[in-house]
Amino acid sequence: MYMSAGGGISLPFTAIGAECLSSTGTSSLRSPASPPPVTQRSITRDSAEMADIDNKDQAEIDPADMEDVEDVEEEETGEDENSKARQLTVQMMQNPQILAALQERLDGLNGSPSGYMESLPKVVKRRVNALKNLQVKCAHIEAKFYEEVHELERKYAALYQPLFDKRSDIVKAAYEPTDEECEWKADEEEELTDEMKEKAKLEEEKKDEEKEDPKGIPEFWSTVFKNVDLLSDMLQEHDEPILKHLQDIKVKFSDLEQPMSFTLEFLFEPNEFFTNTLLTKTYKMRSEPDETDPFSFDGPEIMCCTGCTIDWTKGKNVTLKTIKKKQKHKGRGTVRTVTKTVPNDSFFNFFTPPEVPETGELDEDSDAVLAADFEIGHFIRERIVPRAVLYFTGEAIEDDDDDYDEEGEEADDEEGEEEADEENDPDYDPKKDAVPPAECKQQ
């Protein structure tokens with residue numbers, strides 16, 4: 001997701017295209033783990049061993065056979081160099097820093113004309129212009145594709161909604177699921193015997209009897225927010241008591257033949273903080289190439305968003321805070337205390353986004369806030385609403401973190417292999433690698 005030439009936020013195909021067809025799909029791009037560093041000691045030891053082997057081999061070779069040996073060595077040397085070159089290339093492509101530098105270089109080249117184009121004959125340039133016109137037509141077809149994807153989203157949203165409504169009823173205790181609906185075979189239960197299952201069931205029932213009978217699933221949505229870094233960063237301590245009253249989040253798509261947009265609906269139970277039971281946030285999108293820069297089109301763009309007015313109860317508005325300042329009169333030297341109301345950090349500022357002027361130009365701070373706002377709205381629509389239960393349990397977060405854990409495990413395995421090699425080396429002296437203890441100094 002990024003700012004486009006037209007002033008909107010462009011949504012990549014992986015987000016707006018592929019994910020909308022599968023609400024449970026996830027995609028991630030991880031840099032592979034960097035290769036373990038090679039120590040100077042291991043290089044020196046390996047070089048010495050190779051030198052000894054070479055000396056022994058040369059002493060045993062008959063001079064009459066040297067001519068054939070030299071030919072073989074030349075072939076092997078060529079193969080070794082090719083193998084080393086391939087290994088070096090693989091290692092370089094596995095280094096995140098090198099990949100980042102390469103990507104930065106490629107980004108810098110994007111959109112910059114090459115000298116090759118200037119050197120082409122006029123008749124060839126003319127044909128290249130024809131290809132560019134074809135590319136513009138491709139961009140317009142792609143825009144129509146995304147419009148149809150949006151219609152497909154709207155169609156399937158109607159199929160998902162009864163399931164989401166039932167989820168909401170269970171969360172707010174409007175519906176009690178049956179035993180059959182509650183049966184779920186977890187991975188750790190697969191190998192349990194019937195006796196162990198029965199014992200575990202009795203223990204759970206005993207614990208349930210000792211506790212109060214909670215209604216529905218308490219703090220469902222507030223827990224989801226806390227489990228997701230993108231959302232938890234927005235939460236303040238004074239927001240948490242309010243979010244406990246959040247009962248559901250819905251996504252509403254624009255009607256057929258209407259401009260492309262979607263609305264996030266936050267449904268609250270009656271509470272002491274505000275009188276609203278529904279807070280909304282609408283994102284308006286555009287799926288058409290910019291006439292001034294058609295080649296920048298990369299999918300639908302979020303052009304602007306509108307929030308809603310929150311009817312706060314007196315003294316409960318967490319988006320404002322009161323501060324006191326002391327002011328000294330320049331002439332008389334008297335001091336007075338002034339009370340001022342200033343903006344306060346809060347999740348509920350999400351419903352009052354910066355307004356986009358007609359010119360489409362924003363200052364740097366507003367632009368950054370709006371870009372983050374678009375990202376959050378898109379994430380709630382694409383991830384949170386379709387997979388809320390998995391973010392509540394933490395399973396969705398675990399899936400996102402799997403790649404990082406695997407990289408760490410691979411690094412640990414490689415370190416273990418190095419240690420094992422050192423232990424099996426008859427010439428290895430562990431005393432040389434030992435770190436001398438720090439001197440004890442009396443205070």
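Numbering of residues begins at 1 and proceeds along the displayed sequence.
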I need the single residue from Leu390, Leu230, Leu231 that forms a side chain to side chain contact (heavy atoms under 4.5 Å, CB included) with Ile384. Which is it? Leu231
Are the side chain of Asp239 and the backbone of Gln236 linked by a donor-acceptor contact shorter than 3.5 Å? yes
Rounded to the nearest 0.5 Å, what separates atom CG in Leu320 from atom CZ in Phe348? 13.5 Å
In terms of ring plane angle, is the pair Trp312 and Phe274 parallel, tilted or perpendicular, where the classes change at 30° and 60°? perpendicular
The reported gap from CD in Glu269 to NE2 in His245 (rounded to nearest 0.5 angstrom) is 6.0 Å
Indicate yes or no: at least one non-hydrogen side-chain atom of Asp373 is less than 4.5 angstrom from one of Cys305. yes
So Ile380 and Ile249, do their side chains get closer than 4.5 Å, heavy atoms only? yes
So, the side chain of Ser168 versus the backbone of Phe164: is there a donor-acceptor pair under 3.5 Å, distance only? no
Would you call the rings of Phe379 and Tyr391 parallel, tilted or perpendicular, where under 30° means parallel and over 60° means perpendicular? perpendicular
Check whether Asn276 reaches the backbone of Asp311 with its side chain - one donor and one acceptor, N or O, closer than 3.5 Å. yes
Distance check, rounded to the nearest 0.5 Å: Lys321 atom NZ versus His238 atom NE2? 8.5 Å
Show your reasoning for whether salt bridge (charged side-chain N to carboxylate O under 4.0 Å, His left out) applies to Glu147 and Arg286. CA-CA 9 Å; Glu147 288 178 3; Arg286 181 184 68 180; over 6 Å; no
For a quick test of reading the model, state the closest non-hydrogen atom pair linking Val224 to Ala388 and the distance between them. CG2-O, 3.6 Å
Do Glu395 and Thr393 have side-chain atoms, one donor and one acceptor, less than 3.5 Å apart? yes
Is any side-chain heavy atom of Val128 less than 4.5 Å from a side-chain heavy atom of Met117? yes
Could you check Lys226 against Glu240 for side chain to side chain contact (heavy atoms under 4.5 Å, CB included), going step by step and ending with a plain yes or no? CA-CA 9 Å; Lys226 291 177 186 177; Glu240 295 183 16; 3.5 Å; yes
Looking at Glu183, I want to see if its CD is surrounded by more than 12 non-hydrogen atoms of other residues, nucleotides or ligands under 6.0 Å. no
Could you check whether atom CD of Glu364 has more than 12 heavy atoms from other residues, nucleotides or ligands sitting under 6.0 Å from it? no
Would you call the rings of Phe347 and Phe351 parallel, tilted or perpendicular, where under 30° means parallel and over 60° means perpendicular? perpendicular
Under 4.5 Å between any side-chain heavy atoms of Lys172 and Lys215, yes or no? no
Apply the test side chain to side chain contact (heavy atoms under 4.5 Å, CB included) to residues Leu279 and Ile310: give CA-CA distance (whole Å), side-chain angles for both, the deciding distance (0.1 Å), then the verdict. CA-CA 7 Å; Leu279 301 181; Ile310 302 177; 3.9 Å; yes
When the ring planes of Phe253 and Phe262 are compared, do they come out parallel, tilted or perpendicular, using 30° and 60° as the limits? tilted
For Ser287 and Ala143, indicate whether the former's side chain and the latter's backbone hold a donor-acceptor pair under 3.5 Å. yes
So how far is it from Leu278 CG to Lys250 NZ, rounded to the nearest 0.5 Å? 9.0 Å
Rounded to the nearest 0.5 Å, how far does OG1 of Thr263 lie from NZ of Lys281? 11.0 Å
Using only heavy-atom distances, determine whether the side chains of Tyr175 and Glu181 contain a donor-acceptor pair under 3.5 Å. yes
Roughly how far apart are Lys252 NZ and Leu264 CG, rounded to 0.5 Å? 12.0 Å
Met260 and Tyr146 have their tightest heavy-atom pair at CE-O, 4.1 Å
4.5 Å side-chain heavy-atom contact, His140 and Pro289: yes
Donor-acceptor side-chain pairing of Asn344 and Ser346 below 3.5 angstrom: no
Does some side-chain heavy atom of Leu235 sit less than 4.5 Å from a side-chain heavy atom of Leu243? yes
Can you give me the closest heavy-atom contact between Lys324 and Thr339, atom names plus distance? CG-OG1, 3.9 Å
Evaluation steps, side chain to side chain contact (heavy atoms under 4.5 Å, CB included), between Lys284 and Ser254: CA-CA 9 Å; Lys284 296 180 180 179; Ser254 55; over 6 Å; no
Can you find a pair of side-chain heavy atoms, one from Glu176 and one from Asp169, that are under 4.5 Å apart? no
Tell me the closest heavy-atom pair linking Phe295 and Val136, and the distance in Å. CE2-CG2, 3.7 Å
Mind telling me whether Phe374 and Tyr283 have parallel, tilted or perpendicular rings, with 30° and 60° as the class edges? perpendicular
Looking at Thr313 and Lys316, would you say the former's side chain and the latter's main chain have a donor-acceptor pair under 3.5 Å? no
Hey, does Lys326 have a side-chain heavy atom less than 4.5 Å from the side chain of Arg336? no
Evaluation steps, side chain to side chain contact (heavy atoms under 4.5 Å, CB included), between Leu246 and Lys244: CA-CA 6 Å; Leu246 179 60; Lys244 289 180 180 179; over 6 Å; no
